[in-house]
Amino acid sequence: MSEKLFAYILVNYRWVFVLLFLLPLSLLYDAFFYVRNKIIFRLRSAPRQHDARVKDVQRQITAWAASGGRQKLCTARPGWQNMSFRRGKYKKTHYNVNVNLIDILEVNPNSRTVRCEPMVSMGQLTATLLPLGWTIPIVPELDDLTVGGLVMGTGVETSSHAHGLFQHICESYELVLADGSVVTCSATENSDLFYAVPWSYGTLGFLVSATIRLIPAHSFVRLTYIPCHSLEELSKTFADESAKREENDFVEGLVYSAESGVVMVGKSTNQADPDRINRIGDYWKPWFFKHVERFLKTGGGVEFIPTRHYYHRHSRSIFWQMQDIVPFGNHPIFRYLLGWAVPPKVSLMKLTQGETVKKMYETHQIIQDMLVPITDLAGAIKVFHREINMYPLWLCPFYLPDNPGMLRPRDDRSQMYVDIGAYGAPKNPEYKAEATTRLRARGSRLPDALRRHLHDRVRVRGYVRPSAIRPAARQAGSNQGRFSSLLETEFSGRPAANLSIIFRPDQWARILLVVEQTFTRQECQAHQESYSQLLQDGRRALVVRWKSEDDENNNLLGRKRRVVSAEQKIVEDQELRREMETSLMNQSAATSGEERAAATEAGSSTPVQC
Ligand SMILES: NC(=O)C1=CN([C@@H]2O[C@H](COP(=O)(O)OP(=O)(O)OC[C@H]3O[C@@H](n4cnc5c(N)ncnc54)[C@H](OP(=O)(O)O)[C@@H]3O)[C@@H](O)[C@H]2O)C=CC1
Ligand SMILES: CC(C)=CCC[C@@H](C)[C@H]1CC[C@@]2(C)C3=C(CC[C@]12C)[C@@]1(C)CC[C@H](O)C(C)(C)[C@@H]1CC3
């Protein structure tokens, strides 16, 4: 009984702790880093120190290799600091490499790029760039998201219908690989690595800097609110506005019920009608999602919002999570008295949340983004309504170009998707955290329902557990500093469509490891063939299943070959490696354009001798 009471108090009166302890702590934390970053940027000391910091990462890799390289690698950034619900336990068991690189290295107006170290946060970046008259084309919403995390995972924002995902605005990456070497990659230099990095979750190397495209910043966003009163109207308006890639700079949707929502379209401008300026980020202003909801009653409208206020419009209310943490947080009295101090830092909340609150979130909250083709938006919202019945839902369109890499459009055709974000407490009494959403569970209701409804076309962005991937990568020889694994999210109806395979004999990633946890042997066998895709340069990737039998491999490759069995230590087999290289080069030379086209059309995989 007393335990239950304690849990009740912890969950329902969390705001006492948040207000008295976390808010002051968050302010100190922010103030310290704000001043520090300003000083460092002014003194221009960061670029000079960058090389030394990279060397320090290399030194750590060398030390790891010298210690036998048995432990798996991860960054030393503690789990409580990152911007996800998950606190990866693997940080305790893996070899932690300190990639504490937190500076903006250079803003270059001539090349229109900004070069950043991986721990630079979005808040830090906009605070530095906007006064200089620049911005990056995609500014993912939450202040504390980092360049490293967004490159290695992915980032999306309401300008993504025009610019794609965060990786699509990056021009190059500098990485320290597992053999300690430093490699720069871009669309023209080491391009296969460049395209493989996004969504690799650090499995290919440690990012030490990224060069990101800049665009001129405008003072305001002219935001038009379009209230919609039926699902059909909402999904059509949203899709139509998202398709205007030149015309609209920003498109966003907030769904407030199964039949209502507000679509917002924004255009950057330097001219604002003074009567319609709304500084939504001022601390006494209502939470943004509450402000938007009013347009459902009052009809549409237009406002001019200062650009930085627009970028961080959901920050004060952490989308709509603050209403669960400080229930009276949107009350005018609270806003005027303490609005300037919120939100508490997500990382500090995470650090201090305790088991009870954690459990409550795990069982009674859903925090999940689903990526579906925009043509399936209405159907997906219906499924969300039936399975979780929770509002608001966040809609963010994004254009997925047909680039190489893991995160690719279905059917290899550039197309528009929508990120549907569900963050909050489901109202459906039958909601069961695990059964409804579990990525791995075959019979899980939400993914299955979506799959059925969307004819197997749904893709779910789930957090991939590096612990599930890295042991396999190590077995494949990643501890040799050469092999790395790529991965697919654990839940996906059609993995083959999402993957491109990297095969680069002379350098780093030769094996794509796909961890398929829910597929039958027959399905894996079928995937194996489709994974072997045509590379840009005309070669084919070789794919060997970890547990594939010799005859299965023979069937796949269909001609005389040596079979690599799981037990063979292929990494160490120099001779085999040379043979593979020669074979690949020969094949590349031999495969004519027409043959390649025919092979692609037929979806077949040209065998590679190994
Ligand atoms: N609007 C948006 O797009 C939003 C996106 N997100 C998600 O949050 C994540 C970003 O959160 P954030 O806290 O910044 O990042 P995290 O610390 O959560 O890092 C995400 C992944 O990137 C890896 N990583 C980070 N930095 C490096 C590096 N320098 N070298 C190699 N690997 C690295 C991490 O590896 P390791 O595990 O070894 O630390 C981890 O696997 C994104 O992945 C995104 O999916 C969340 C909210 C909003
Ligand atoms: C693609 C987009 C825009 C995603 C937005 C995701 C956010 C809504 C997520 C990211 C991190 C996140 C999971 C988090 C939380 C809420 C939802 C967040 C902010 C909170 C603050 C909820 C309260 C929890 O006790 C705790 C503090 C652990 C988490 C921390 C991470």
Side-chain angles (χ1 to χ4, degrees), residues 122 125-126 129-130 133-143 155-166 168-169 213-228 234-256 261-282 285-296 298-317 319 374 377 392-399 416-421:
M122 288 304 107
L125 201 53
T126 49
L129 291 178
L130 289 179
W134 295 105
T135 183
I136 54 174
I138 299 169
V139 183
E141 163 63 39
L142 302 167
D143 281 22
V156 64
E157 213 8 272
T158 51
S159 51
S160 287
H161 70 293
H163 299 282
L165 296 169
F166 197 79
H168 301 122
I169 60 162
R213 216 165 63 225
L214 286 179
I215 54 170
H218 292 80
S219 318
F220 294 96
V221 174
R222 180 185 190 279
L223 197 62
T224 307
Y225 301 86
I226 312 170
C228 301
L234 176 73
S235 48
K236 183 171 180 334
T237 310
F238 186 78
D240 289 350
E241 294 302 332
S242 304
K244 298 176 192 163
R245 297 183 59 210
E246 301 279 325
E247 213 173 297
N248 294 326
D249 292 331
F250 306 96
V251 180
E252 178 178 19
L254 292 183
V255 189
Y256 289 96
V262 178
V263 175
M264 287 161 274
V265 296
K267 187 84 192 157
S268 297
T269 174
N270 286 323
Q271 259 106 47
D273 172 356
D275 295 337
R276 291 195 286 178
I277 293 178
N278 186 355
R279 297 175 51 83
I280 52 167
D282 285 340
K285 293 279 181 164
W287 286 342
F288 185 64
F289 73 98
K290 290 284 183 195
H291 169 66
V292 177
E293 192 173 13
R294 283 195 3 234
F295 287 96
L296 281 174
T298 60
V302 173
E303 287 181 330
F304 291 84
I305 296 177
T307 299
R308 191 148 203 272
H309 291 228
Y310 178 80
Y311 283 157
H312 299 292
R313 66 203 174 284
H314 293 300
S315 294
R316 269 190 307 131
S317 51
F319 283 81
I374 205 161
L377 174 60
L393 291 173
W394 189 58
L395 303 183
C396 178
F398 65 96
Y399 183 71
M416 196 68 75
Y417 279 75
V418 51
D419 178 336
I420 308 178

Just by distance, do the side chain of Glu141 and the backbone of His314 share a donor-acceptor pair under 3.5 Å?
yes
Are the side chains of Ile420 and Leu377 in touch, meaning some heavy atoms are under 4.5 Å apart?
yes
Calculate, to the nearest 0.5 Å, the distance between atoms CE and OG1 belonging to Met264 and Thr237 respectively.
12.5 Å
Looking only at heavy atoms, what is the nearest atom pair of Ser242 and Val251, with distance?
OG-CG1, 3.7 Å
Rounded to the nearest 0.5 Å, how far does CD1 of Ile136 lie from CD1 of Ile169?
4.5 Å
Can you check side-chain contact (heavy atoms from CB on, under 4.5 Å) on Leu254 and Trp394, steps first, answer last?
CA-CA 5 Å; Leu254 292 183; Trp394 189 58; 3.7 Å; yes
Tell me, do Ile305 and Arg313 make a side-chain contact under 4.5 Å, heavy atoms counted?
no
Relative to Tyr311, does Arg308 satisfy both conditions: NZ or CZ under 6.0 angstrom from the six-membered ring centre, and within 45 degrees of the ring's axis?
no
Looking at every heavy atom in both Ser317 and Trp287, which two are closest together, and how far apart are they?
CB-CG, 3.5 Å
Any side-chain to backbone donor/acceptor pair from Thr158 onto Phe250? Under 3.5 Å, distance only.
no
Could you tell me whether Lys236 atom NZ has more than 12 heavy atoms of other residues or ligands within 6.0 Å of it?
no
Would you name the heavy atoms of Pro397 and Phe238 that are closest together and state the gap between them?
CD-CZ, 3.4 Å
With side chains defined as the heavy atoms from C-beta onward, is the minimum distance between Pro306 and Phe220 less than 4.5 Å?
yes
Please report the C-alpha distance between His218 and Asn270 in whole Å, then the side-chain angles of each, then the deciding distance to 0.1 Å, and finally whether the side-chain contact (heavy atoms from CB on, under 4.5 Å) criterion is met.
CA-CA 5 Å; His218 292 80; Asn270 286 323; 3.6 Å; yes
Closest heavy-atom pair, Ile280 versus Lys285, reported as atoms and distance to 0.1 Å, is O-CB, 3.5 Å
Would you say the side-chain atoms of Ser159 pair up with the backbone N or O of Pro137, donor to acceptor, closer than 3.5 Å?
yes
Contact summary for Val418 and Ile374, nearest pair of heavy atoms
CG1-CA, 4.0 Å
For residues Asp143 and His312, report the shortest heavy-atom separation together with the two atoms involved.
OD1-ND1, 2.6 Å
Between OG of Ser160 and CE of Met416, what distance do you get to the nearest 0.5 Å?
10.0 Å
Taking only residues two or more places apart in sequence or in another chain, which ones pass salt bridge (Lys or Arg N to Asp or Glu O under 4.0 Å) with Lys267?
Asp249
Contacts of Arg276 meeting salt bridge (Lys or Arg N to Asp or Glu O under 4.0 Å) (sequence neighbours excluded), chain-then-number -> Asp273
Side-chain heavy-atom pair Leu395, Val255 within 4.5 angstrom cut-off
yes
Is any side-chain heavy atom of Asn278 closer than 4.5 Å to a side-chain heavy atom of His309?
no
Do Leu165 and Ile138 have side chains that get closer than 4.5 Å, going by heavy atoms?
no
Just do the side-chain contact (heavy atoms from CB on, under 4.5 Å) check on Leu223 and Val302 with the steps written out, would you?
CA-CA 6 Å; Leu223 197 62; Val302 173; over 6 Å; no
Per side chain to side chain contact (heavy atoms under 4.5 Å, CB included), His163 is matched among Arg213, His168, Arg245 by Arg213
Taking the side chain as every heavy atom from C-beta outward, state whether Val263 and Cys228 have any atom pair closer than 4.5 Å.
yes
Run Glu303 and Tyr310 through side-chain contact (heavy atoms from CB on, under 4.5 Å) and show every step you take.
CA-CA 11 Å; Glu303 287 181 330; Tyr310 178 80; over 6 Å; no
Min side-chain heavy-atom separation Arg222-Phe304 under 4.5 Å:
yes
For His291, the ring pair (Phe, Tyr, Trp, His ring centres under 6.0 Å) test, sequence neighbours excluded, returns Tyr225, Phe295
